[in-house]
Amino acid sequence: MIDLKLLQKDFDASAASLKRKNVDSELINSLKTLSETLKNTKLVYESAQAAQNERSRLFGQYKKEGKSTDELKVEVDAAKAQLVDLLEAQRIAEEALETIAMRVPNFPDSDVPDGEDENDNVELRKVLTPPVFSFTPKEHWELAEQNGWIDFERGVKLAKSRFSVVSGMGARLERALINFMLDFNRERGFMEVSVPMLVNRRALEGTGQLPKFEDDLFKVDGEELFLIPTAEVPLTNLYQDEILNAQDLPIKMTGYTSCFRKEAGSGGRDVRGMIRQHQFHKVELVSITRADQSDGVFDEMVACASDLLAALGLPHRLVTLCTGDLGFGAARTVDLEVWLPGQNAYREISSVSNTRDFQARRAKIRYKEEGKNILAHTLNGSSLAVGRTMVAIMENFQQEDGSIILPTVLQKYL
RNA sequence: GGACAGCUGGCCGAGUGGUCGAAGGCGCACGCCUGGAACGCGUGUAAAGGGCAACCUUUCUAGAGUUCGAAUCUCUAGCUGUCCGCCA
């Protein structure tokens, strides 16, 4: 959630900032109006309540002193009805504000480039040179089927479309990648954590998936539980509603989970192959930091993911997302796009975001510094999406006969 | 699934109707002590919101109720623990 005080205090600048993220200006205006209404409503209620509290205090005093309370009781009863109405008005104002505020995205950082969509993202740098082939490189699904690694049909038989089965060397590669990634991240100072893959509504509100994006989530029937779309949700919410010691920060974590997404809005994109599945594996990085640490940790996380790709020998590039392509909770995001020879294109394999205090405000993650409670900064990044890494390995290291040479760093994991 | 017990501040824990936002302890911060530290001693220390000072409001798991007044009484839900049952 954005800082509503800031919106009040510096409305023009805040509104301009949100507009860069394509937030409807009517929404911004109503946010302002609603928070002002709430403030006024509260003021009225609170002074009425203060008067009532005083009368109740007197009541006790009169009883002790043996004075008559008859007159006071008439007063108290009269004020009571009014208080109920005022409280109800306040509740309505609160609800109205929250309904909107929880659906407003985060401010982008001021230095994030303006833009409409992914075409306006800005390339930071390229790492490693794409391989040159003496033959026409195949796309990964062809290679996967030829090598017997992935069985798309049987995945559909077991569940539905966008599910697949990985077997043989494919399954071993998947497991090797997960272990390699976790070890790599751990060596960079990220503590390994294993978390639930089902979470409650509160957790998803904390990181911003709810209330706005419920259609993208798989929900367990009859339970208030959802399958996680990313390990970012449980890892970040680990510290939900806690006040941390400043000296314990930054907390840097890595975790492996399966992720589940409905891919509701993805239309017919990437239906073939394993780029966009309902269930996929991902090793995630999450950090909780002090406000002054998050830029530094952000760079560490980007470097960690990029170095991981480099260690696997995978050519990739780093791009800064423009305002229009930025996610709901992100103030800034760097995407890592891996080179896919079969598609002759760079495709997203990791996304590292700094949400600043946006998630922390929702999830109430704070730290104590000089006696004050300060909202923490939370960051998340994939390191890496396992399925897409397999795709990249297949396409980049394919031979003319369709066989695949696996990266040497994985040898000890296979 | 059944029975019983519990849920209080960063943590532990006292508190059974009226200055209780809550004793005490731990932790933490500052000061004294010390060559420096530990120990010891002293002081301070819940959160959110509003004025941004005094102060006011809200919060003792959540919701509803009783009452002039609820951490304290009643009901419901959730969670935790223990025992039993069931199943891996």
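Here the structure is a predicted model, which is why all the values come from computation and not from measurement.
Using a cut-off of 4.0 Å between Lys/Arg side-chain N and Asp/Glu carboxylate O, A/Glu88 and A/Arg91 are scored as salt-bridged. A salt bridge links A/Glu214 with A/Arg201: the distance from a Lys NZ or Arg NE/NH1/NH2 to an Asp or Glu carboxylate oxygen falls below 4.0 Å. Salt bridge present: A/Asp292 and A/Arg290 bring a charged side-chain N and a carboxylate O closer than 4.0 Å. A/Lys364 and A/Asp241 are not joined by a salt bridge, as no carboxylate oxygen comes within less than 4.0 angstrom of a charged side-chain nitrogen.
B/rC11 atom C1' lies 14 Å from atom CG of A/Leu244, rounded to whole Å. When rounded to the nearest whole Å, the span between OH of A/Tyr62 and C1' of B/rG18 equals 15 Å. Rounded to an integer number of Å, the gap from A/Lys63 NZ to B/rG17 C1' is 13 Å. If you measure from atom CD of A/Glu242 to atom C1' of B/rG9, you get 14 Å, rounded to the nearest angstrom. Whole-Å rounding puts the A/Asp241 CG to B/rC11 C1' distance at 15 Å. Going from atom CD of A/Glu369 over to atom P of B/rC28 covers 17 Å, rounded to whole Å. One atom, CG of A/Asn245, and another, P of B/rA29, lie 8 Å apart when rounded to the nearest Å.
Between A/Phe226 and A/Phe260, the ring centre distance reaches or exceeds 6.0 Å. A centroid separation of less than 6.0 Å is found between the aromatic rings of A/Phe218 and A/His278.
Across all non-hydrogen atoms, the minimal contact from A/Arg103 to A/Pro211 is NH2-CB, 3.7 Å.
Under the salt bridge (Lys or Arg N to Asp or Glu O under 4.0 Å) criterion, A/Asp295 pairs with A/Arg356, not counting sequence neighbours.
Proximity of residues 72-80 of chain A to RNA chain B (heavy atom under 4.0 angstrom from any strand atom) is restricted to A/Lys73, A/Val76, A/Asp77, A/Lys80.
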* To do: Scan nucleotides 45-53 of chain B nucleotide by nucleotide, 5' to 3', and note B when protein non-hydrogen atoms come under 4.0 Å of the base, S if they reach only the sugar-phosphate, - if neither.
  => --SSBSS--

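Remark: the separation of the P atoms in B/rU16 and B/rA71 is 13 Å, to the nearest Å.
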